[in-house]
Amino acid sequence: MKLYNTLTRRKEDFAPLGSEVTLYACGPTVYNYAHIGNLRTYIFEDLLVRTLRLKYKVKHVMNITDVGHLTSDADAGEDKMELGAAREGKSAWDIAKFYETAFFKDFDSLNCTRPTVISRATEHIKEMIALVKTLEEKGYTYKTSDGIYYDTSKFPAYHTLVGKSHIEGLKSGARVEFNDEKKNPSDFALWKFSPADHKRQMEWDSPWGVGFPGWHIECSAMAMKYLGPTVDIHCGGVDHVAVHHTNEIAQSEAATGKPYVRYWVHGEFLVLHSGKMSKSAGTFLTVGELVKQGYSPLDYRYLCLGAHYRTQLEFTFESLDFARASLKNLKEKVAVLKKDVGNLPLGACPECKEKFFDAVEDDLNISKALALVWEVFKTPFSAGSKLAFIQFADSVLGLDLLKEDIKEEAVLPVEVTLLLKHREIARRNKDFKLSDEYRDKIAALGYTVKDTPDGQKAAKK
RNA sequence: GGUGCGGUGGCCAAGUGGUAAGGCGGCAGUCUGCAAAACUGCUAUUCGCGGGUUCGAUUCCCGCCCGCACCUCCA
């Protein structure tokens, strides 16, 4: 398949190095609920994994950042995990556990397939210390009053992911806050010392004293532990390109002397009219909020499927409404198809499958693939063949297209049932004025009425 | 200030050196007492603006305008 590689800024042919694809995806920091912008990235990664699985075995590792990191690299930063704990009157450990559970609830509801390995940062402190030690032995580190730092000037290829001009811009960068003890603006902490004046909830012994790992070291340590020194694909959000992933490369390649990642694949942001969605800014939308407003998590998944993963997607409730309407229509079409299939033999038309392959394998052109699903209804193939194709397509799209929605007919309120009976009588007497009045009354209660060959059908609006 | 991405019909959004997928919405028809649903058909002579290359550009090049993101924790 073809994938856009941030490293080369080109679409490239992808094939795994070994017998299975090794894929690492940056996971959530569990100090608050994930918002739908975060989740867009996991949906994109899920689509990538599902597409890869059409051809390969995939070992998918995702980390859980349950260690608090500083909100900035400067001394003044606060720890997000401990902030969350203070906010909710719980321990940092409880906070991490709570939001990890909440994260996977959302993750599952969006039909994202669980990674092969889920690795918590707090369970890999030993590996991180070992990696920092290796870097220290190789002379890449130096000590300041608050921690052990990585000297980026010792790693000549530091700029490969982001471009040299960017790093140079950073040097003159007007907005970068300088830490006096840092040798270069791009240097970053590998290990931070606990403050002398108070005890942190999360801290560990290390060869350099009690403290906690820097933000970037966990991904390098865990990716290499589970996937080896060279990983096929590493994903994450575009915001990670310039700092986090650049630093991961520096740490990992300095330690092993081998290429760290072959394909860097980054997902673009979901944006709001007012700008991007931000956890730290406070206001953000969660899946729970969407559900509260009457949307299904899969309505949101459908919305994400409409746009390419490398383009920004603007979120509005209007577009979510469109997505919901589209998904509903699509599922209804599939339901009709299912009725028609009967005992006809199944077998997806090879032509449709091939087109679908071509779309998803072209750097994940999911919206094109989705269009093919709509188009299959217009083809002359048998219902069974169409349905088989849709089933195949849904193994990548993950929209539960063949799953029946739970019908609400059984739980009609008594008033509605009564009004329906009255309306039926009025219609039989051809008193349409009266029957329309009953329909209005039913509508006022929040229900719609359809007249079908099997009689009246009422459903919640 | 530096870096990167993008501007396609009413809306969302694919795409390509040879004349614009798909969805939503809208309109019309069939059906219906009327609706709804369903089905059928129609719905951008045109791809931010101005140049250039070319037989031909929305697609390649240059300039401009506009939007967004990153450079600070961030998916």
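Numbered from 1 within each chain, the chains take letters A, B, ... in sequence-line order.
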Give [X] one of three labels, base, sugar-phosphate or nothing, depending on what nucleic acid heavy atoms sit under 4.0 Å from its own.
| X | answer |
| --- | --- |
| A:Lys355 | nothing |
| A:Gly267 | nothing |
| A:His244 | nothing |
| A:Val336 | nothing |
| A:Lys450 | base |
| A:His266 | nothing |
| A:Asn329 | sugar-phosphate |

[atom1]-based separation of [M] from [N] [nearest Å]:
| N | M | atom1 | answer |
| --- | --- | --- | --- |
| B:rA44 | B:rC12 | C1' | 15 Å |
| B:rA57 | B:rU46 | C1' | 12 Å |
| B:rA14 | B:rC24 | C1' | 15 Å |
| B:rG17 | B:rG23 | P | 24 Å |
| B:rU45 | B:rU8 | C1' | 15 Å |
| B:rG26 | B:rC11 | P | 15 Å |
| B:rU53 | B:rU59 | P | 15 Å |
| B:rG48 | B:rG10 | P | 13 Å |

Could you check which of [options] has an atom nearest any side-chain atom of [X]?
| X | options | value |
| --- | --- | --- |
| A:Asn365 | B:rA14, B:rG33, B:rA75 | B:rA14 |
| A:Phe322 | B:rG22, B:rG23, B:rA75 | B:rG23 |
| A:Lys378 | B:rA14, B:rG23, B:rC39 | B:rG23 |
| A:Glu375 | B:rG22, B:rC70, B:rG23 | B:rG22 |
| A:Ala325 | B:rA75, B:rA37, B:rC24 | B:rC24 |
| A:Gln312 | B:rC24, B:rA14, B:rG4 | B:rG4 |
| A:Trp374 | B:rC24, B:rG4, B:rA21 | B:rC24 |
| A:Val271 | B:rA37, B:rG15, B:rC68 | B:rC68 |
| A:Thr29 | B:rA75, B:rG15, B:rC34 | B:rA75 |
| A:Lys368 | B:rA14, B:rC70, B:rG4 | B:rA14 |

Paired with [N]: which nucleotide, if any, by Watson-Crick or G-U wobble criteria at under 3.5 Å for both distances?
| N | result |
| --- | --- |
| B:rC55 | B:rG18 |
| B:rA69 | B:rU3 |
| B:rU45 | none |
| B:rA28 | B:rU40 |

TODO: Tell me which of A:Ser326 and A:Glu332 sits closer to the 5' end of RNA chain B, going by the nucleotide each one is nearest to.
DONE: A:Ser326

- [ ] Using heavy atoms to find the nearest nucleotide of RNA chain B for A:Arg9 and A:Gly237 separately, return the residue whose nucleotide is more 5′.
- [x] A:Arg9

Taking only Lys NZ, Arg NE, NH1 and NH2, and the carboxylate oxygens of Asp or Glu, determine whether [X] and [Y] approach each other closer than 4.0 Å.
| X | Y | value |
| --- | --- | --- |
| A:Glu100 | A:Arg120 | yes |
| A:Asp362 | A:Lys368 | no |
| A:Lys355 | A:Asp358 | no |
| A:Arg439 | A:Asp436 | yes |
| A:Asp400 | A:Arg301 | no |

Rounded off to whole Å, could you give me the [atom1]-to-[atom2] distance for the [X] and [N] pair?
| X | N | atom1 | atom2 | result |
| --- | --- | --- | --- | --- |
| A:Arg427 | B:rA36 | CZ | C1' | 11 Å |
| A:Asn38 | B:rA75 | CG | C1' | 5 Å |
| A:Leu47 | B:rA14 | CG | P | 14 Å |
| A:Tyr309 | B:rA13 | OH | C1' | 17 Å |
| A:Glu318 | B:rG23 | CD | C1' | 14 Å |
| A:Leu313 | B:rG7 | CG | P | 14 Å |
| A:Arg310 | B:rA69 | CZ | C1' | 15 Å |
| A:Tyr302 | B:rA14 | OH | C1' | 13 Å |

Open item on the list: For B:rA14 and A:Thr311 - does any side-chain N or O of the residue sit under 4.0 Å from the phosphate oxygens OP1/OP2?
Closed with: yes

- [ ] Compare side-chain N and O positions of A:Lys328 against OP1 and OP2 of B:rC24 and report whether any pair is under 4.0 Å apart.
- [x] no

Is there a donor and acceptor pair closer than 3.5 Å between the side chain of [X] and the base of [N]?
| X | N | value |
| --- | --- | --- |
| A:Asp321 | B:rC11 | no |
| A:Arg439 | B:rA35 | yes |
| A:Asp436 | B:rG33 | yes |
| A:Ser367 | B:rA14 | no |

Open item on the list: Testing the 3.5 Å rule here: is there a donor-acceptor pair between the side chains of A:Ser319 and A:Thr316?
Closed with: yes

Task: Modelled atom types, side-chain donor and acceptor of A:Asp66 and A:Tyr99, under 3.5 Å - done: no

Task: Closest non-hydrogen atom pair between A:Arg50 and A:Thr113, with its separation - done: NH2-CG2, 4.0 Å

Open item on the list: For A:Lys90, is the NZ atom crowded, meaning more than 12 foreign heavy atoms sit under 6.0 Å from it?
Closed with: yes

